[in-house]
**Student:** 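For reference, the structure I am asking about is given below.
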Amino acid sequence: MSVTKRTATNVLLDTALKNFYGAVEEMRLDDNLIAILGNSERKLEVSVPVEMDDGSIQVFKGYRVQHSSAIGPSKGGIRFHPDVDADECEALAMLMTWKCSLAGIPYGGGKGGISCDPLTLSMKEKERMSRAYAARIAPIVGTWQDVPAPDVNTGGQEMVWFMDTISKLHGRVEPGIFTGKPISYWGSKGRTAATGYGVATCGLELLKAVGKDPKGVKVSVQGFGNVGSYTALTMANAGAKVVAISDVTGTYHSAKGIDIKKAFEHIESHPKKLLEGFSCDGCEKIEEIFSVDADLFFPCALEGAVNEKTAGKVKAKWIVEGANGPVTPEGDAILDQKGVIVVPDFLANSGGVIGSYFEWAQNLAGYFWTEEEYNERLMHIMKGNFKLVWDYAQSKKIKMRRAAFMAAIQRVADVVKLRGVFL
Ligand code: NAD
């Protein structure tokens, strides 16, 4: 490769660049395409002045990075966090390009945020900050330009403030600029369960690929939040035996199989939506989830959970990554030696971004789908994407993670080549 490789002091950006250069080298991608895709199209830094409740003015720093718009409008979340900076946004924007490409949806990648501590802000301060940020990034976001979504510390309420601000600036309702909106205001049915449903669909496709009937399979799920709970429920509904679930309060195990509907009822009635105090037939609380006797393990909680300390304990033959980055490179190497097959995060948890695409499509049409239509379309896309990566990995005799990266980058590179260099 004769292209000068970019490096970064920010760990996240440096890792994103290393993964990119590693994959394109193996793909023998054309140097000109490497040079184009190794850089972001646009990086915007804005000042966000906010009148605080005590009358003082505080100026926050905001960002929006568009890594690529080759395939379609940039897509990616907006986070409110003290660590947000331009490099972090660029790394996450690049990952969104590959995630959307692999998902087969018509988007490029973007990411943004405000460097702030939302826990110290009142609701009114957060609203004024959200509206000021939306006004600042208004010139570069749009239904056909860049479509942001929720991320760390943002949700439906922030999306409504963003959308309302830009709708007022434009003098017309603009539902297609932001996704992740509440169902009551241009949001979509089906979104809550979408990521977990997609994660479980990958698990079921994996079982099919290795010739196993889910009915004889034991499953463990780390994390019982949005992703983990719907993953567990979908696997149980497919006939698998969920023998362990966990959250921040501990790991709950039953060799007889856990009643997942009961676990849902439990968290619904818990003030903090936790499994604390959960009991079921044969249930015991155990130390940790990794060494549980399960065939299929879904880490759906934390980044870096399966690492050099924990990977050796894993008994499962298959892992489907529900969380973002739950297996570290060191953990991956140990799992590889043990012959464990890992379905990578940006394939497995792409149900979230595919759900965003569904919301956008419904907003464009001004016509809402039923939950059944939403789930059917999601399952169809997830199955197709799993097959694409599985077949690519088998044909090239490489791991699914590398195959996913290569397939995703190739799709973007092909479109860049097709469209040509002129902007
Ligand atoms: P969440 O906050 O709803 O749930 C997180 C769960 O993890 C909670 O049950 C929490 O108690 C549990 N947890 C925290 N620490 C734990 C520990 N040490 N051991 C066991 N469990 C622990 O979050 P979520 O939306 O379900 O997201 C989980 C992961 O999936 C994150 O990495 C997120 O980035 C990723 N993800 C989420 C979506 C989505 O649509 N929600 C989409 C793509 C990726």
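Numbering of residues begins at 1 and proceeds along the displayed sequence. The shown structure was predicted, so the numbers you read here are calculated from the model rather than taken from an experiment. One-based numbering, in listed order, for ligands and for the atoms of each.
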**Student:** Measure the distance from atom 10 (C) of ligand 1 to every protein heavy atom, then report the residue, atom name and distance (to 0.1 Å) of the closest one.
**Tutor:**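 Protein heavy atom at minimum distance: V248 N, 4.0 Å.
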**Student:** With no hydrogens and no angle check, just 3.5 Å: does a side-chain donor-acceptor pair link N375 and E371?
**Tutor:**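 No.
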**Student:** Just which atoms of ligand 1 are under 4.0 Å from any heavy atom in S246?
**Tutor:** 20 (C)
**Student:** Would you say the ring centers of W186 and W360 fall short of 6.0 Å from each other?
**Tutor:**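 No, the ring centres sit 6.0 Å or more apart.
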**Student:** Which atoms from ligand 1 have a heavy atom of C300 less than 4.0 Å away?
**Tutor:** 28 (C)
**Student:** At under 4.0 Å between heavy atoms, is it the side chain or the backbone of E321 that contacts ligand 1, or both, or neither?
**Tutor:**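 Answer for E321: neither.
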**Student:** How far is atom 34 (O) of ligand 1 from its nearest protein heavy atom, and which residue and atom is that?
**Tutor:** N324 ND2, 3.0 Å
**Student:** Where is the nearest protein heavy atom to atom 17 (C) of ligand 1: which residue, which atom, and how far?
**Tutor:**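 Nearest protein contact, heavy atoms only, for atom 17 (C) of ligand 1 is L302 CD1, 3.7 Å.
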**Student:** How far is atom 25 (O) of ligand 1 from the closest protein heavy atom, and which atom is that?
**Tutor:** N226 CB, 3.7 Å
**Student:** Are Y133 and Y63, when compared by the centres of their aromatic rings, separated by less than 6.0 Å?
**Tutor:** no
**Student:** Near F224, which atoms of ligand 1 are under 4.0 Å from a heavy atom of that residue?
**Tutor:** 9 (O)
**Student:** Just to confirm my output: which protein heavy-atom neighbour is closest to atom 39 (C) of ligand 1, and how far is it?
**Tutor:**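 Checking every protein heavy atom, the shortest distance to atom 39 (C) of ligand 1 gives T195 OG1, 3.5 Å.
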**Student:** Mark up the atoms of ligand 1 that fall under 4.0 Å of a heavy atom belonging to G322, in ascending order.
**Tutor:** 30 (O)
**Student:** Just let me know how P326 lines up against ligand 1, side chain, backbone, both or neither, with a heavy-atom cut-off below 4.0 Å.
**Tutor:**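 Neither part.
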**Student:** Which one of E265, H266, H270 satisfies the side chain to side chain contact (heavy atoms under 4.5 Å, CB included) criterion with F278?
**Tutor:**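 Only one of E265, H266, H270 forms a side chain to side chain contact (heavy atoms under 4.5 Å, CB included) with F278, namely H266.
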**Student:** Check the side chains of T179 and E359 for a donor-acceptor pair under 3.5 angstrom, ignoring hydrogens and angles.
**Tutor:** no
**Student:** Aromatic ring centroids of F224 and Y252 under 6.0 Å?
**Tutor:** no
**Student:** What protein heavy atom sits nearest atom 7 (O) of ligand 1, and how far away is it?
**Tutor:** A301 CB, 3.3 Å
**Student:** Can you find a side-chain donor-acceptor pair between N307 and T310 that sits under 3.5 Å?
**Tutor:**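 N307 vs T310: donor-acceptor pair found between side chains.
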**Student:** Identify whether the distance between the nearest side-chain nitrogen and carboxylate oxygen of D345 and K99 falls below 4.0 Å.
**Tutor:**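 Not counted as a salt bridge, because no side-chain N and carboxylate O are separated by less than 4.0 Å.
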**Student:** Using a 4.0 Å cut-off to any heavy atom of R191, which atoms of ligand 1 qualify?
**Tutor:**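 With R191 as reference, the close atoms of ligand 1 come out as 40 (O).
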**Student:** Distance to 0.1 Å, residue and atom name: give those for the protein heavy atom nearest to atom 5 (C) of ligand 1.
**Tutor:** G225 CA, 4.2 Å
**Student:** Pairing donors with acceptors under 3.5 angstrom, does anything connect the side chains of Q362 and S188?
**Tutor:**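 S188 and Q362 do have a side-chain donor-acceptor pair below 3.5 Å.
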**Student:** For atom 24 (P) of ligand 1, find the nearest protein heavy atom and state the residue, atom name and distance (0.1 Å precision).
**Tutor:** V227 CG2, 3.9 Å
**Student:** Could you check, using the six-membered ring where one of them is a Trp, whether W369 and F358 have ring centers closer than 6.0 angstrom?
**Tutor:** yes
**Student:** By number and element, which atoms of ligand 1 are closer than 4.0 Å to a non-hydrogen atom of A323?
**Tutor:**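 Heavy-atom distances to A323 below 4.0 Å select 29 (C), 30 (O), 32 (O), 35 (C).
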